[in-house]
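What follows is a set of notes on a single structure, which appears directly below.
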Amino acid sequence: MNYRDYTLITADSREVKPGALFVAIKGSASDGHDYIAQAIANGATGIICEHLPEDDLPVCGGAHVPRSVSSSGVQFEVVENSREALALAADEFYGHPSRKLTLVGITGTNGKTTTVTLLYRLFMQLGYNCGLLSTIANYVGTRREETKNTTVDPVTLNRLLTQMVDEGCEYCFMEVSSIGVEQDRVTGLDFKMGIFSNLTHDHLDYHKTFAEYLRCKKLFFDRLPAKAVALVNTDDKHGDVMVQNTKARIVSYSVKGLADHTARILEQGVDGMLLKIDGVETWVRLIGEHNAYNLLAIYSAAVELGADQTETLVALSKLESAPGRLENLSGPRGITAVIDYAHTPDALENVLKALRAIAPKRQLICLFGCGGDRDKTKRPEMAAIAERLADRLIITSDNPRTEVPEAIIADIKAGLSPAAMGKTLCITDRREAIRTAILTAPENATILLAGKGHETYQEVGHVKYPMDEKEIVTETFKLLEK
């Protein structure tokens, strides 16, 4: 098949138009092979599938088509892996756009969104036109497009990369999720650099085991070409494993040990921290050891991509946190609400430690929940971390999805000691939980609202209801002023 001869490529039979190429993919909820006839009826002239329909007839050239559809003009291609075929077909259909950009992929459990967003901002500050593909949003230059997944489907991905090329972007920085790698969403892309942040507990609802989760992350580096750079956090115990089979040039970074690029935290306050990066002292506007790692990764990537060290450090000092990452809202009576996306044990621990370090004498209140239909094993772990690091706990809902919120809260509470129950409230309604946290907080308290971050909705069942935590906090602060 010549994939560029088709009018469009899709794995959704409802999107098929005359002259389209339909790729039949077997998913968890449905099998695209069951919709081949519908795709042809809608005008598809090409079909990629893993097996031919059972009710088929041989036609000229050895292809097969369903009995109910004319064989005229329909070409079949049988492959071992339809997901991989979709990615490769999309890459060819759009003219291999990733080859025309400096494409940088960031993977790991925590820090992906912050790192990729700030890399995008840094390179824009340095005068380059760039693209961004992240959990929060996609950007083609300065034009924003909403996103649904950390790593979008390969057709959308190549379409966005093509738009970046057409609009003169030189760089693209993108998050690469383990699920995106496993499902071949990034297959066929020409990465110039891969960055590994860290690996901790997450997505076991999908991968089932930590070993499989690690394997999918590692696969991203295994596939990097020899001309690429593999930038790896060697302070993480999985760092060496990630790059042990890569063909790319390995570059290391570390906040605690020796590496190609290093950083040390010299001072830390409420408005930022003083870092020593590759021997140069630089004040930055982010706080916490986890952000020292993020900023070092950003700096290291920029320098390895050819940016001037001094210009990079100056730009780094001007960067502010990504949306929903340690966003501070100051209120009456000295109360501060901090909104953060932390939804894994490691991320929650990092944020609580950062807040404790900069304000050790302030009461620290931790409000959090856990997402429904996701990894259940991390729920008690997060409770134990919150108990250890916070003065008060409020356990509430996150995105319950199809689970009963009270059952999720019960799973979380299982991680608490009997002594912790005296400092813990369980309030199912997250909006009410936030109000309670603020209205009952003592003077000068710090309240961490963890888990939702940039999200402005709450998913209950299969419906997303509007819920903006910044609005709730602002409204509640006004009540305190009365």
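Position 1 is the first residue of the sequence; numbering continues from there. For the numbers below, each heavy atom of this structure counts, side chains included, while hydrogens, waters and symmetry mates do not.
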What orientation do His454 and Tyr341 show, parallel under 30°, tilted 30 to 60°, or perpendicular over 60°? tilted
Quick one: pull up CG in Asp375 and CZ in Phe210 and give me the separation to the nearest 0.5 Å. 11.0 Å
Give a yes or no on whether Lys318 atom NZ has more than 12 heavy-atom contacts from other residues, nucleotides or ligands under 6.0 Å away. no
Pair Tyr128, Phe123 - check ring pair (Phe, Tyr, Trp, His ring centres under 6.0 Å), show working. CA-CA 6 Å; Tyr128 298 98; Phe123 271 76; 5.7 Å; yes
Between the side chains of Ser321 and Glu327, is a donor N or O closer than 3.5 angstrom to an acceptor N or O? no
Distance only, no hydrogens: is a donor on one side chain within 3.5 Å (strictly under) of an acceptor on the other, for Glu304 and Tyr253? no
Taking side chain as C-beta onward, heavy atoms only, is Thr45 less than 4.5 Å from Val74? no
So, for Asn294 and Gly111, which heavy atoms are closest and what is the spacing to 0.1 Å? OD1-CA, 3.7 Å
So, Tyr293 versus Asn233: side-chain donor-acceptor pair below 3.5 Å or not? no
Does one side chain, of Thr109 or Asp346, offer a donor that lies under 3.5 Å from an acceptor on the other? no
Do the two ring centres, one from Tyr213 and one from His238, sit under 6.0 Å apart? no
When you compare the side chains of Asn399 and Lys464, does any donor N or O come within less than 3.5 Å of an acceptor on the partner? no
Can the positive tip of Lys17 be found less than 6.0 Å from the middle of the six-membered ring of Tyr6, inside 45° of the ring normal? no
If we count only N and O atoms by modelled type, under 3.5 Å, do the side chains of Thr102 and Lys192 hold a donor and an acceptor together? no
Work out which heavy atom in Asp222 is nearest to a heavy atom in Met242; give both atom names and the distance. OD1-O, 4.4 Å
Could you tell me if Asn110 and Asn350 have a donor-acceptor pair between their side chains, going purely by distance under 3.5 Å? no
Between Arg379 and Glu403 (salt bridge meaning N to carboxylate O under 4.0 Å), is one present in this structure? yes
I'd like to know if Arg215 pairs up with Glu212 as an ion pair, taking the criterion as any Lys NZ or Arg NE/NH1/NH2 lying under 4.0 Å from an Asp or Glu carboxylate oxygen. yes
May I ask you to check whether Arg431 and Gln458 show a side-chain donor-acceptor distance below 3.5 Å? no
CA sep, side-chain torsions, deciding dist, call: Arg435, Asp429, salt bridge (Lys or Arg N to Asp or Glu O under 4.0 Å): CA-CA 10 Å; Arg435 289 173 176 157; Asp429 186 317; over 6 Å; no
Answer yes or no: is there an ion pair linking Arg223 with Asp184, defined by an N-O contact shorter than 4.0 Å? yes
